[in-house]
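Start at 1 and go down the list; that is how both ligands and their atoms are numbered. We use all heavy atoms of the structure for the numbers below, so side chains are in, but hydrogens, waters and symmetry mates are not. Start at 1 with the first residue, then count along the sequence.
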Amino acid sequence: MPGHNAQTLVIQHGTLIDGSGRPAVANEAIVIEGNRIRSVGRLPADVRVEDQDAVHVIDATGQWIMPGLIDGHCHLSFGMPQMGPVASARGTTNPGFTALRAARNAQQVLRSGVTSIAVPGGTWFIDVALRDAITVGLLEGPRIACAGNFIVTYGSIIDNEPSWVGTPEHSIGVLANNVDAMITEVRRQCKNGVDFIKLADSTWGDTQTIAPEELAAVAQEAHRRQVRVTIHSRGAGSTRAAAEAGLDWILHADLATAEELDVVAEAGVPLMPTMTFLQHALEVGHQFGRGPRELDFIKRNWDSAVGMLERARALGITILCGTDSGNSPLMPYGQLHAHEPEILVRYGGYTPLEAIAACTRNNAFVIGLEHELGILEAGRLADIILLDSDPLADIRVLQGGQHLAMVIKDGRVMDLNGAADTEPALAFAAPAQA
Ligand SMILES: [Zn+2]
C-alpha cells in the first residue's frame with residue numbers, strides 16, 4: 001500500500017462490545033490498518049496472521065474489547081494539580097507552565113483508557129495548542145476537541161473576582177455583557193482555533209445570567225463559522241432558553257423540571273449531566289475546602305439531577321457522559337473519567353451496555369467525530385481498549401484504568417507506563433481554593 005508503513009494490527013478472540021449498543025459478541029478478528037479499522041468479524045483472505053513482518057497479532061483471549069472511552073467534560077488547563085511552591089492565581093501561573101502541566105494531565109487521561117476528551121473551557125488557548133501538539137505527534141495524548149475561555153456575563157460562574165480586579169488574563173472566563181461583545185468574542189475564539197464555544201450561566205443555577213437573545217446570537221455566529229456551542233447551565237430557565245436558542249448540547253441541567261425537559265426533548269438537544277462532579281464533591285468536598293453552604297447547594301442539585309436523569313431517559317433525550325475532571329483539586333486526572341456511566345446505571349436506570357454506548361457512540365458527537373469515532377466498525381478510527389474483566393457484569397471495571405490491558409489510539413498501541421503515572425511530589429500540597 002503506497003505511503004503506508006504502519007504494520008497491520010489484528011486483534012483476535014476476546015469479547016467485543018462495539019459501542020453501538022448492540023450486545024457483546026465473540027470476536028473473531030478486528031483488522032487495523034494505519035489509524036482506521038479495516039474490518040470487524042471474519043479475517044479478510046489477504047491478511048495472513050502468520051506473516052509476522054507485516055502483521056502484528058494481539059491475542060485478546062479472556063479479554064473484553066471496546067471503543068476507547070470518551071470523557072465529554074474534562075478540563076486540562078485550569079492549573080490542576082496545584083503545586084505548593086509554584087506561584088498561582090486561581091490555579092494558573094503563566095501560559096508556559098500551565099501548558100506543560102496540561103500536557104502531563106493529558107497523558108494521565110490517556111493512560112486510564114480515555115482516548116478522547118472534550119474540553120469545555122480553559123485558560124488562554126492552551127487546550128488548542130495541546131490538541132494540535134497531539135495531532136501532529138509532538139506528544140502522546142487523547143484526541144481533544146476544545147473550547148476557549150467561558151463566555152460569561154456579570155454574575156455568571158467564574159465572574160467572582162472583586163470588581164476592582166476585573167477579569168484577569170489568567171481567568172477561565174471572559175466577560176461579555178451584551179450581544180455585540182459576545183459576537184466579537186466568538187469571532188476571536190474561532191480565529192484562535194477552538195472547536196466549540198462554551199457559554200456559562202450562574203454557578204449553581206439560582207439566577208439566569210444570559211439572556212435568550214444573547215444565546216441565540218452566539219449560536220447563530222458560531223454555527224455560521226461551523227463551530228458548535230455548549231453551555232454550563234444548572235438552572236431550569238437557562239436550560240430551557242439554551243434548548244430554544246439551538247445550542248448543540250447542554251451541560252448539567254441539574255434543576256430542569258419536567259416542563260423544561262419537554263422543551264429539550266422537543267428541540268432534540270443532548271444533555272450532559274456531569275453528575276460525577278456533584279457526587280464526588282459530596283463525598284470528599286469537605287477535605288478540599290468546600291464549606292457547608294456550598295455543599296448544601298451541591299446536595300440540592302444532586303437530588304434534583306437524579307430526578308432529571310430519570311425523566312430525560314423517559315423522554316428519550318440523548319445523554320452524554322462527562323465528569324468535570326480537572327475543574328478543581330478534588331477532581332484528579334486519570335481516576336474519575338468513567339464514573340459517569342456508573343451513575344447512569346445506578347441512578348438513571350441504564351443498562352451497562354447503554355451506559356457504555358453513552359460514553360462512546362453518543363460522546364463521539366462532542367468530539368465532532370460522530371461518524372468516525374465511538375463504534376468499532378469498518379472505516380472508523382481505531383481507538384480501542386482491552387479490559388481483563390467484563391464491564392457488562394460490573395460497569396466499575398471501566399474506572400481508573402484498573403482493568404486496562406491495552407490502549408490503542410489512532411491504530412497505535414500506547415505505552416501505559418510513562419512518567420505521568422507517578423504524581424509529582426508536590427501535587428495537591430497547596431491549600432484548596434474555593
Ligand atoms: Zn466544567
Practice prompt. Under the side chain to side chain contact (heavy atoms under 4.5 Å, CB included) rule, collect the residues that match up with Glu244, sequence neighbours excluded.
Written response: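 Partners of Glu244 by the side chain to side chain contact (heavy atoms under 4.5 Å, CB included) criterion, ordered by chain and then number, come out as Arg240, Val263.
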Worksheet item: Using a distance-only test with no angle check, is there a side-chain donor-acceptor pair under 3.5 angstrom linking Thr318 and Asn362?
Response: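 Short answer, no.
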Discussion item. What protein N/O/S atoms are there under 2.8 Å from the Zn ion (ligand 1), waters excluded?
Written reply: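 Correct list: His73 NE2, His75 NE2, Asp324 OD1.
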Worksheet item: Between Thr274, Thr276, Asp71, which is the residue that forms a side-chain hydrogen bond (donor to acceptor under 3.5 Å, both in side chains) with Thr323?
Response: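 Exactly one candidate clears the test, Asp71.
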Fill in: Over all atoms of both residues, closest heavy-atom pair of Ala106 and Leu130
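Where Ala106 meets Leu130 most closely, the heavy atoms are CB-CD2, 4.2 Å.
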Fill in: Nearest heavy-atom neighbours spanning Asp324 and His252
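That would be OD2-CE1, 3.8 Å.
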Practice prompt. Only one of Cys359, Cys74, Cys321 passes side-chain contact (heavy atoms from CB on, under 4.5 Å) with His337; say which it is.
Written response: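 Per the side-chain contact (heavy atoms from CB on, under 4.5 Å) rule, the option paired with His337 is Cys74, out of Cys359, Cys74, Cys321.
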